[in-house]
Amino acid sequence: MVVVLAAALVALLVVYLVRGPTPPTEPQPGPAPAPTSALRDPRPPATAERAKVLRVYDGDTMTVTPIGGGEGQSVRLIGIDTPELRPAQCYGKEAAQALRELARPGSTVTLAPDRARKDRYGRWLRYVWNERGVFVNGALAREGAAYALAIKPDVTHQDLFAALVGEARARHRGLWGSCPDPRPPMHGPRPT
């Protein structure tokens, strides 16, 4: 038995020495590689607040009521920008529907600010996680329903959003496969 194994190894060695190493194969067409671990969604911080969703206005704005009491607050999702409903832009309705599905009115969400707590309109600026623990801001970017929008000082997850939008664009998801000339809404700093 040992002699047979030794003979087989010698034969393989001779073939290798005569032919050389096997040349690398050409990349085969097929699905793109799975997202890398660098695209992992963050978890809510211990200081996060919980709130009940009252209404979704569009793809990146909703109204919530803090759990434990308080008045309804308008919340603007940090790090992303979605096509507008008014004036109507390509994929505006779909982006609003995507947010409604991720953060259903009546559901409880977890909210966390970055550095700035409010924008110039008085809206809360927040990262949002739904009841299933899905990072809503990232999910909208991943689905192709949003552009990345970095406004300092709220840039903690800027690289994540840019990567998720890049992946959505490369895979023609959402607005990247539906709109003839997808361009970010023109207000404030230009999104990437």
Side-chain angles (χ1 to χ4, degrees), residues 41-42 44 48-67 70-114 116-152 154-158 160-162 164-169 172-192:
D41 290 343
E49 317 152 90
R50 291 176 39 104
K52 185 174 195 169
V53 178
L54 298 177
R55 178 176 178 215
V56 170
Y57 285 109
D58 59 22
D60 53 35
T61 311
M62 63 180 144
T63 302
V64 301
T65 300
I67 300 292
E71 296 182 20
Q73 297 291 330
S74 183
V75 173
R76 173 66 167 80
L77 277 65
I78 301 172
I80 61 167
D81 197 18
T82 61
E84 303 297 329
L85 290 172
R86 291 182 194 94
Q89 293 180 325
C90 182
Y91 218 76
K93 288 180 184 178
E94 293 86 348
Q97 184 58 35
L99 181 54
R100 275 187 209 93
E101 290 172 8
L102 287 162
R104 294 179 336 277
S107 68
T108 300
V109 292
T110 302
L111 309 170
D114 198 324
R117 296 192 65 80
K118 291 185 178 182
D119 67 9
R120 65 182 177 201
Y121 306 108
R123 299 177 296 188
W124 285 2
L125 297 171
R126 299 293 187 269
Y127 298 112
V128 179
W129 290 263
N130 67 16
E131 292 173 320
R132 296 181 316 274
V134 173
F135 184 44
V136 175
N137 311 52
L140 291 166
R142 182 179 283 114
E143 292 173 11
Y147 305 93
L149 176 66
I151 300 177
K152 291 182 180 182
D154 300 316
V155 294
T156 299
H157 302 297
Q158 174 183 354
L160 172 65
F161 297 135
L164 291 171
V165 167
E167 179 183 294
R169 175 184 271 171
H172 304 285
R173 287 191 202 127
L175 66 94
W176 304 108
S178 299
C179 300
D181 186 20
R183 293 182 184 213
M186 292 303 298
H187 51 79
R190 186 154 182 83
T192 56

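Only this structure's heavy atoms are used, side chains among them; waters, hydrogens and symmetry mates stay out.
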Quiz prompt | Shortest non-hydrogen contact from Leu85 toward Ala96 | solution =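 What the structure gives for the nearest pair is CD1-CB, 4.2 Å.
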Quiz prompt | Pairs flagged by salt bridge (charged side-chain N to carboxylate O under 4.0 Å, His left out) wherever residues 95-105 is involved - sequence neighbours left out | solution =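 Residue pairs passing salt bridge (charged side-chain N to carboxylate O under 4.0 Å, His left out), neighbours aside: Arg104-Glu131.
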Under a 4.5 Å cut-off applied to non-hydrogen side-chain atoms, are [X] and [Y] in contact?
X      : Y      : answer
Leu102 : Glu143 : yes
Pro44  : Tyr127 : no
Leu140 : Asp60  : no
Pro113 : Glu49  : yes
Arg123 : Tyr57  : no
Val56  : Gln97  : no
Asp41  : Asn137 : no

Quiz item: For Tyr91, which residues count as a ring pair (Phe, Tyr, Trp, His ring centres under 6.0 Å) partner, sequence neighbours excluded?
Solution: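 Here no residue qualifies.
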Quiz prompt | side chain to side chain contact (heavy atoms under 4.5 Å, CB included) involving Pro182 - partner list, sequence neighbours excluded | solution = Tyr147, Leu175, Trp176, Cys179
Quiz item: With a 4.0 Å cut-off, would you call Arg76 and Asp58 a salt bridge?
Solution: no
Practice problem: Please answer whether the main-chain N or O of Glu84 pairs with a side-chain N or O of Gln89 as donor and acceptor at a distance below 3.5 Å. | Solution: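 It does hold such a pair.
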